[in-house]
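The structure appears below as structure tokens.
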Amino acid sequence: MTQDNTRYNHRAAEPKWRAAWSAAGIFKAVAPDKAAGKPKYYVLEMFPYPSGRIHVGHARNYTMGDVVARFKRARGYNVLHPMGWDAFGLPAENAAIDRGAHPFTWTLENIAVMKKQLELLGLDIDWDRELATCTPEYYKHQQKMFLAFWDKGLAYRRKAKVNWDPVDQTVLANEQVIDGRGWRSGAVVETRELEQWMFKVTQYADDLLEALKGLERWPDKVRLMQTNWIGKSRGAKVWWDIASVPPQLTGGHAKDPIEVFTTRPDTLFGASFLAMAPDHPLTKAIAAFRPDVAAFMAECAGLGTSEADIEQAEKIGIDLGVRVKHPLDPSWEIPVYAANFVLSTYGTGAIFGSPAGDQRDLDFANKYGLSFKPVVLPPGADPVTHAITDVAFTDDGVTYNSGFLDGLPTREAIAAAIAKLEETGHGKGTVQWRLRDWGVSRQRYWGCPIPAIHCQACGVVPVPDDQLPVTLPEDAVFDGAGNPLAKHPTWKHAPCPHCARPALRETDTLDTFVDSSWYFARFTDPQNKTAPFDKALADYWLPVDQYVGGIEHAVLHLLYSRFFTRAMRDCGFLSLPSGEPFDGLFTQGMVTHETYKSAAGKWLGPEEVDRRDSGAVDIATGAPVTVGAIEKMSKSKRNVVDLDDFVREYGADVARWFVLSDSPPERDVEWTASGVEGAWRFVQRVWAAVEAHGKAPKPKDPAGDISADGLALRQIAHRTLAGVTDDIEGFRFNRAVARLYELFNAVRKSEADAWSRGEALRIGVQVLSPFMPHLAEECWQALGQDGLLAAAPWPTADRALVAQDTITLPVQINGKKRGEITIAKGAAQDAVEAIALADETVKGFLKGQKVRKIILVPDRILNIVAAPAGGAAE
RNA sequence: GCGGACGUGGCGAAACCGGUAGACGCAGCGGACUUAAAAUCCGCUUUUGGCAACGAAGUGCGGGUUCGAGUCCCGCCGUCCGCACCA
């Protein structure tokens, strides 16, 4: 017979236990007043975009959150672990254009499929709280919040230069432009001026920066990325009075001082020129009568903004014919240029060039023959001979050639220069931010409508509360050209809420990042019909204690959410004094897989390829296949393993186990068939051990006859328990997996008595349960335990068994390991020395040597420092 | 260019505070069971010398601190990530 009766049957066990958990309702978060003193714990994975199907790569993120949720629940917390759908977005609208499917239908169908798939994983999720951002039940409250923000000045309208994606035909936030291309379409982004809705993120710039320091349970990397993104620079605004202008220049430009921003006011005496952005108002004004300047502007506008373009672009400029007076020495006149390397979007769109202290300024000065002098003396340099020719000195030093600043170190010189500028009215100490307000208008259908009405008489008017939600029209036309809302024949027409005259609805929708900036708060009260959420519930559950998601959201989503919680707090929706939505953040690595390409250049999926040592072959045709790079699982490269297929063959537990083993959670893990086999073998070994034990006689009196082997096994079990407990707390899942392998290997090999073995199995199964909940539950039952393991409290390790009473201590001689001795735990130095020096191996190595020093690290190591006897030293 | 992280067997990795380098898994090799194969089980598996006991070397490279360095410091080399004409 090939039929093996003792095999664990995941196909029967997994659905059975999922049904049992569901029937018992153990994954439901308990209302605060019924929590019976249990502390709350909110664990959340970044919610998915419903794009189609789930593959095993997606499973890693949810499994990590699930391990934490199950663990915390067993540890006595009132756990909130919800799931929802980030359901607005371009793919749905593109599907509508490509296939004629309505975005709403397409999205709901995907959600249905993906929810079924997620359920297969056996996740500890409170599905009663499920939400989808594309439903009016959700976005109604978002519109409400938008109006509250607007009322508070946190949302406003402004004509702004925007990044226009010509393929997706919409505006992109700066954060969504990567190397000058749209983050989704990859199209080269154009600049346009449009009337835009903005969120005033900059209002919280200082707090968003400062509060990063308090986010101790966030990865340093993410905090650093946000710090850089916010980009705080201290410096000064400096006003340069006009000395002379071309006769054609009139009005303000001819007399108002030019404002520049600098972080190095200490180098003002090294100034050589001013440079304006090509699209600075002054440049434009001069271009109006100088064709050469107009041509220069056009040339600069034609240059790309991609990395390669910038690298190759030469630093070029043009003299505008304007002369300004030096702010600290009015007799000194300085020329004003327009230059292609000055950005209109940062600072004041104008700089002063101090060539000795800035490489770009130096290159520019050399190119146009502008004179300059060094003003910062490098440490140790000679003030008489020090000179700058083609390499600028950008570090701190001592100021010289600078009048009243002479002799001051750079930091002090900056402060002194600012003081002088303020005193003479030629400047002001200031802080410059890289962070800009968030443009949230999108010219798209499949997003949350912005609840505003444009009235010719009354201006832009909020939609009254009783008219919310402003819902999307179902009968829009999706032909890929422009915004379906703007083109809809009737939807945009609405009476003005103020004067009742015919007016037009706002046809822009909100950036989908708005939807995901507050969903974690909605989860605290997802059925609320009158408010986004109840304040008391949000105050109870927030902040999220553990957030799990991809590093790709290090700036966008996480920064927007931090803005949103502050804005919600200041509009009275919640308390959250810190303003921080996520107390702990973990950024998990991806699941990768080999890629396969046929001779014809077509990507092949793993299921279509027969992988051999020597290479790979297309199963259908027998043709050889090129094995490509190991990459993140993605639909486009087809290197995905479908979750349904996998669960049918191996079970959810094997998938869960695999994605957590081998690699640290923050690093990528490569999915391999052989790795899967290893996980599968382990499942069967665990089950075999439990089943074999279940049939063994159980002694009535546990304390009676514990063998030496039994004690040893009990020690391993309790140490595993203590270790895995720490590992889960510390997000070291791969280490926990290794420990569990060790425990079950030990059980298999041990000659322990039945009682000790039973205890080890019981502990092992319990500790295994966050990782492989179905198998653990089946084993729990087979071991004769009552109730559901998923509802059982986490066991406590016996400290006496975790602690070791005797220790094998390595003995080093001159730093090399030469032997081992057995000592009592905590033995004093003299006792250990005596044992070590009496040891035969040690004696052998010490023959003819004189012991000079003995270092004992208690219970860790002993190092004997020895030298040849009678040596000359000392 | 600026900022950051990392570099350990054939592979993924472990070593948490400076204290036995390579746990655990994969692959490989040998064996048991089998008519045979699969599955399963047992053993070996950093390199190198040796029949062995037992040595030697070894955590990208070169230095340093220390009784002791994968871990700390300095300088290189390499890989990856973020930002980028940011004044």
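These numbers come from a predicted model, not from an experiment. Lettering follows sequence order; numbering is per chain, from 1.
If you check B:C67, B:G12, B:A14 against the side chain of A:Ser663, the one that comes closest is B:G12. Picking from B:A87, B:G68, B:G12 the nucleotide with the shortest atom distance to the side chain of A:Tyr346 gives B:A87. With B:C41, B:G19, B:G55 as the choices, the nucleotide that has an atom nearest any side-chain atom of A:Arg685 turns out to be B:C41. Between B:C85, B:G4, B:A21, one nucleotide has an atom nearer to the side chain of A:Arg360 than all others, and that is B:C85. Candidate nucleotides B:A15, B:A87, B:G19 were compared by shortest atom distance to the side chain of A:Leu343, and B:A87 ranks first. The side chain of A:Arg681 sits closest to B:U40 out of B:C86, B:U40, B:A23. Nearest nucleotide to the A:Lys817 side chain, out of B:U20, B:C67, B:A87: B:U20. Among the nucleotides B:C86, B:A21, B:G82, the one closest to the side chain of A:Met225 is B:G82. When the nucleotides B:U20, B:C24, B:A15 are ranked by their closest atom to the side chain of A:Ala738, B:C24 comes out on top. Closest approach to the A:Tyr741 side chain among B:C24, B:C67, B:G4 is made by B:C24 (side chain taken as heavy atoms from C-beta onward).
Ring-centre distance between A:Tyr368 and A:Tyr337: below the 6.0 Å cut-off. Within the 6.0 Å centre-distance limit, the rings of A:Phe341 and A:Phe364 are counted as a close aromatic pair. Between A:Tyr8 and A:Trp680, the ring centre distance reaches or exceeds 6.0 Å. In this structure, A:Trp657 has its ring center at least 6.0 angstrom away from the ring center of A:Phe733.
For B:A21, there is no paired nucleotide, since no Watson-Crick or G-U wobble pair has both relevant distances below 3.5 Å. Nucleotide B:C61 forms a Watson-Crick or G-U wobble pair with B:G75, both donor-acceptor distances falling under 3.5 Å. Pair assignment for B:G1: B:C83, on the basis of Watson-Crick or G-U wobble contacts that are both within less than 3.5 Å. Nucleotide B:C44 forms a pair with B:G28, judged by Watson-Crick or G-U wobble geometry with both contacts under 3.5 Å. In this structure B:C54 sits in a base pair with B:G49, meeting the Watson-Crick or G-U test at under 3.5 Å.
For the C1' atoms, the distance from B:A69 to B:G60 is 16 Å, rounded to whole Å. Annotation: B:U48 and B:G58 have their P atoms spaced 16 Å apart (nearest Å). To the nearest whole angstrom, the two C1' atoms, one in B:G18 and one in B:U66, are 9 Å apart. Atom name C1', nucleotides B:A87 and B:U71: the rounded distance is 41 Å, in whole Å. Nucleotides B:A52 and B:U45, compared at atom P, are 12 Å apart to the nearest Å. Here the separation of B:C77 from B:G62, taken at their C1' atoms, is 11 Å to the nearest Å. Spacing of P atoms, B:A38 relative to B:G30, comes out at 13 Å, to the nearest Å. Straight-line distance between the C1' atoms of B:G10 and B:U46: roughly 10 Å, to the nearest whole Å.
Sparse packing is recorded around NZ of A:Lys632, with 12 or fewer heavy atoms of other residues, nucleotides or ligands lying under 6.0 Å away. In A:Arg234, the CZ atom is not crowded: 12 or fewer heavy atoms of neighbouring residues, nucleotides or ligands sit closer than 6.0 Å. No more than 12 heavy atoms of other residues, nucleotides or ligands lie within 6.0 Å of NZ in A:Lys428, so this atom counts as exposed by the packing criterion.
Between A:Leu224 and A:Thr808, the residue anchored nearer the 5' end of RNA chain B, judged by the nucleotide with its closest heavy atom, is A:Leu224. In terms of position along RNA chain B, the nucleotide closest to A:Gly675 lies nearer the 5' end than the nucleotide closest to the other residue of the pair A:Lys221 and A:Gly675.
As a whole-Å value, the separation of A:Asn745 CG from B:C41 P is 10 Å. As a whole-Å value, the separation of A:Leu740 CG from B:A14 P is 16 Å. At whole-Å resolution of the value, CH2 in A:Trp218 and C1' in B:G4 are 17 Å apart. The CD-P distance, from A:Gln849 to B:C67, rounds to 17 Å in whole Å. Atom CD1 of A:Ile855 is separated from atom C1' of B:C67 by 3 Å (rounded to the nearest Å). Following rounding to the nearest Å, A:Asp668 (CG) and B:C6 (C1') show an atom-to-atom distance of 13 Å. Nucleotide B:G19 holds its P atom 21 Å from the CD1 atom of A:Ile854, rounded to whole Å. Nucleotide B:G82 holds its C1' atom 14 Å from the CG atom of A:Asp220, rounded to whole Å.
Base orientation at B:C24 is anti, since its O4'-C1' glycosidic dihedral falls outside 90° of 0. Classified by its glycosidic torsion, B:G9 falls in the syn category, the angle being within 90° of 0.
At the heavy-atom level, A:Asp358 lies nowhere under 4.0 Å from the strands shown. Within 4.0 Å of A:Val342, counting heavy atoms only, lies at least one base atom of the nucleic acid. If you check every strand for non-hydrogen atoms under 4.0 Å, A:Ser661 touches nothing. Backbone-only contact: A:Phe845 has heavy atoms under 4.0 Å from sugar-phosphate atoms and none from a base. Across all strands shown, A:Arg739 has heavy atoms under 4.0 Å from base atoms, whether or not it also approaches the sugar-phosphate. Nucleic acid contact class of A:Arg434 (heavy atoms, under 4.0 Å, all strands): base. Residue-level contact check: A:Gly678 touches the backbone only, with heavy atoms under 4.0 Å from sugar-phosphate atoms and none from bases. Using a 4.0 Å heavy-atom cutoff across all strands shown, A:Glu742 reaches sugar-phosphate atoms only and no base atom. Counting any heavy atom pair closer than 4.0 Å across all strands shown, A:Val857 reaches a base atom.
A donor-acceptor pair shorter than 3.5 Å can be found between the side chains of A:Asp437 and A:Thr202. Using a 3.5 Å distance cut-off with no hydrogens or angles, the side chains of A:Asp279 and A:Ser344 do pair a donor with an acceptor.
Between A:Arg748 and B:C42 there is a side-chain polar atom (N or O) within less than 4.0 angstrom of OP1 or OP2. For B:U20, the OP1/OP2 oxygens have no side-chain nitrogen or oxygen of A:Lys816 closer than 4.0 Å. Residue A:Arg719 places none of its side-chain N or O atoms closer than 4.0 Å to OP1 or OP2 of B:A23. For A:Arg852 and B:C67, the shortest distance from a side-chain N or O to OP1 or OP2 is not below 4.0 Å. An OP1 or OP2 oxygen of B:A23 is reached within less than 4.0 angstrom by no side-chain nitrogen or oxygen of A:Asn734.
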- [ ] Output, in order, the C-alpha distance, side-chain angles, deciding distance and verdict of ring-ring contact (aromatic ring centres under 6.0 Å, His included) for A:His326 and A:Trp240.
- [x] CA-CA 6 Å; A:His326 193 282; A:Trp240 304 66; 5.5 Å; yes

